Amino acid sequence: MDFISIFSIFLLACFVGYFVVWSVTPALHTPLMSVTNAISSVIIVGALIASAAAGSPVSKWLGLAAVVMASINIFGGFAVTGRMLAMYKKKER
Amino acid sequence: MHEVAPINPWVALAYLVSGILFIMALRGLSSPASSRRGNRFGMIGMTIAVVTTLITHVPRGADGALDTIAIAEVLAAIGIGAVIGLVTARRIAMTAMPQLVAAFHSLVGLAAVAVAAAAYLNPQAFHIADAAGQIFTVSRIEMGLGIAIGAITFSGSVIAFLKLNGNMSGSPIMLPGRHVINLATLAAIIGLVAYFTQDQSPWVFWTVTGLSFLIGFLLIIPIGGADMPVVVSMLNSYSGWAAAAMGFTLGNTAMIITGALVGSSGAILSYIMCRAMNRSFISVIAGGFGADSSAAAGGS
């Protein structure tokens, strides 16, 4: 893909991100932040690509270290969000 | 423009689906009724992105055969992260949530730094360099931005964690002449990223990294503990931009879409949080108005 196509995708995604969270309820600020954090661990995709790349052992180990870090964030992030939301639900009842 | 690695339409489609699931996750988390479903959408989206990448980037040996040891290492890395993440999430006290999120952010920042460094050290494997090992100019800018934002996210989040966790005083720490120091450091980072397009020597790359770690630290220490949640949300936004920048480097649409999504929604969320707390967004981000505005006035 050429740069301008990638850039178009990027800009449109920025706009979606801009509009999607405006209506958030104040009580959900922290869970939303936590889920956004979990989603930002999409960096694991880059880490996986780096750890599969041949040619440089240092680069591979950097990739593997990044996979561990991003993976902590994915599992921890979604689990913690789930815990927060479970608590919120109890309060509602 | 340089050609990035050829893209399989099925892979692009899978990344698009995971991007849409992330949008639905963010949307779902905006209202109590749909919040749990939103969290599940996020998990499914992440699973799709990870599995797709695992399939398309299976480690192979020089002869093209599957490298089983490398595959085991990758799976072990995911497993180790899963255990640490799940145990931490289960054990942590509910009152310690803000600092936990800050700690998780620092990991994303550091992961972005590691990925950028991996790409810098082995550019040909990522199709971002010519045969002579010269990295393409666009890639150098993207990589420079990625490592700078990643490093700022890391050191900033570490400070935010220390302040929220009480390991560090929550009151703003005012260095004399901090505005001059911050501006000079920022200018040096921008200048060096620009210079990096001319000269890809290691010292330029690592100096950018070092200065970015430093500025992340400097930007957060003058902010008071009460404003930390907003800062954590702001750092969240940064981690998104870092992922997007690395997505440009690797020509990966999953990272670009999701990074942009997290980047812009994180920025809006921190603005909304500021408004809910009756704080001025600019003064929180500019720093120093944290606990006591008179202290800030005296410090600057």
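Lettering of chains follows the sequences in order, A, B, ..., and the numbering in each one begins at 1. Both backbone and side-chain heavy atoms feed into the values below; hydrogens, waters and symmetry mates do not. All values reported here derive from a predicted model rather than from experimental measurement.
Of the listed residues (B:Ala125, B:Gly28, B:Gly247, B:Ser233), the one with the most heavy-atom contacts under 4.5 Å to chain A is B:Ser233. In terms of heavy-atom pairs under 4.5 Å with chain A, the best-connected choice from B:Ser18, B:Gly266, B:Ala77 is B:Ala77. Of the listed residues B:Leu107, B:Ile78, B:Asn39, the one with more heavy-atom pairs under 4.5 angstrom with chain A than any other is B:Asn39. Considering only heavy-atom pairs separated by less than 4.5 Å from chain B, the leading option among A:Val67, A:Ile49, A:Leu64 is A:Ile49. Note: A:Ser59 leads A:Ser59, A:Gly82, A:Ala66 in heavy-atom pairs under 4.5 Å with chain B. Note on A:Ser71, A:Ser41, A:Ala79: by heavy-atom pairs under 4.5 Å with chain B, the leading option is A:Ser71. Ranked by non-hydrogen atom pairs under 4.5 Å with chain B, the options A:Phe7, A:Phe78, A:Trp61 are led by A:Phe78. Among A:Ser56, A:Ser40, A:Ser51, the residue with the largest count of heavy-atom pairs under 4.5 Å with chain B is A:Ser40. For the options A:Gly76, A:Gly77, A:Ala65, A:Pro31, heavy-atom pairs under 4.5 Å to chain B are most numerous at A:Gly76. Of the listed residues B:Leu261, B:Asn122, B:Thr53, the one with more heavy-atom pairs under 4.5 angstrom with chain A than any other is B:Asn122. In terms of non-hydrogen atom pairs under 4.5 Å with chain A, the most contact-rich of B:Leu110, B:Thr88, B:Leu121, B:Val87 is B:Leu110. Per-residue counts of heavy-atom pairs under 4.5 Å with chain A were compared for B:Thr52, B:Val74, B:Ile80; the largest is that of B:Val74.
Of the atoms belonging to B:Arg90, it is backbone heavy atoms, and not side-chain ones, that fall under 4.5 Å from chain A. Proximity to chain A (any heavy atom under 4.5 Å) is restricted, for B:Ala276, to the side chain, taken from C-beta onward. Using a 4.5 Å cut-off between heavy atoms, B:Ala244 contacts chain A through its side chain alone, with no backbone atom that close. In this structure, no portion of B:Val113 lies under 4.5 Å from any heavy atom of chain A. At a 4.5 Å heavy-atom cutoff, B:Pro98 makes no contact with chain A through either its backbone or its side chain. Only the side chain of B:Met46 comes within contact range of chain A, judged by heavy atoms closer than 4.5 Å. The part of B:Met97 that comes within reach of chain A is its side chain, from C-beta onward, which places non-hydrogen atoms under 4.5 angstrom from that chain. Contacts between B:Ser35 and chain A at a heavy-atom distance below 4.5 Å involve backbone atoms as well as side-chain atoms. For chain A, the nearby parts of B:Met273 are the backbone and the side chain; heavy atoms of each come within less than 4.5 Å. Both the backbone and the side chain of A:Ala47 come within less than 4.5 Å of a heavy atom of chain B. For chain A, no part of B:Tyr120 is nearby; none of its heavy atoms comes within less than 4.5 Å. Only the side chain of A:Val35 comes within contact range of chain B, judged by heavy atoms closer than 4.5 Å. Contacts of A:Pro26 with chain B are absent, with no heavy-atom separation under 4.5 Å from either backbone or side chain.
Closest heavy-atom contact between B:Gly251 and A:Ile6: CA-CD1, 4.3 Å. When every heavy atom of A:Arg83 is checked against every heavy atom of B:Ile92, the shortest pair comes out as NH1-O, 2.8 Å. Across all non-hydrogen atoms, the minimal contact from B:Ala254 to A:Val42 is O-CG2, 4.0 Å. Nearest approach of B:Ala117 to A:Leu62, heavy atoms of both residues: CB-CD1, 3.7 Å. For the residue pair B:Val58 and A:Ala52, the shortest heavy atom distance occurs at C-CB, 4.4 Å. Across all non-hydrogen atoms, the minimal contact from B:Pro32 to A:Thr25 is CD-OG1, 3.6 Å.
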- prompt: Can B:Val108 and A:Met69 be said to form a side chain to side chain contact (heavy atoms under 4.5 Å, CB included), step by step?
  reply: CA-CA 7 Å; B:Val108 178; A:Met69 291 185 269; over 6 Å; no
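Residue A:Val24 is tested with B:Leu29, B:Ile268, B:Leu26, B:Ile272 for a side chain to side chain contact (heavy atoms under 4.5 Å, CB included); the sole match is B:Ile272. In summary, of the residues considered (A:Asn73, A:Asn37, A:Thr36), a side chain to side chain contact (heavy atoms under 4.5 Å, CB included) with B:His105 occurs for A:Asn37 alone.
In this structure, CD1 in B:Ile256 is found 10.0 Å from OG in A:Ser5, a value given to the nearest 0.5 Å. From A:Leu32, atom CG reaches atom OG of B:Ser265 across 7.0 Å, with rounding to the nearest 0.5 Å. Between the OG1 atom in A:Thr81 and the CZ atom in B:Arg40 there is a gap of 13.0 Å [rounded to 0.5 Å]. Within the model, atoms CD1 of A:Ile39 and CZ of B:Phe41 stand 12.0 Å from one another, a figure rounded to the nearest 0.5 Å.
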Could you list the donor-acceptor pairs under 3.5 angstrom formed between side-chain atoms of residues 10-23 of chain A and any protein atom two or more places apart in sequence or on another chain?
unit_1, atom_1, unit_2, atom_2, d
A:Trp22, NE1, A:Tyr18, O, 3.1
A:Ser23, OG, B:Arg27, NH2, 3.2

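Around atom OH of B:Tyr271, no more than 12 heavy atoms belonging to other residues, nucleotides or ligands sit under 6.0 Å away.
By the 4.5 Å heavy-atom criterion applied to side chains, A:Phe75 and B:Ile84 are not counted as neighbours. Within the 4.5 Å cutoff, the side chain of A:Leu48 has no heavy atoms near those of the B:His57 side chain.
At least one donor-acceptor pair closer than 3.5 Å links the side chain of B:Asn236 to the backbone N or O of A:Met33.
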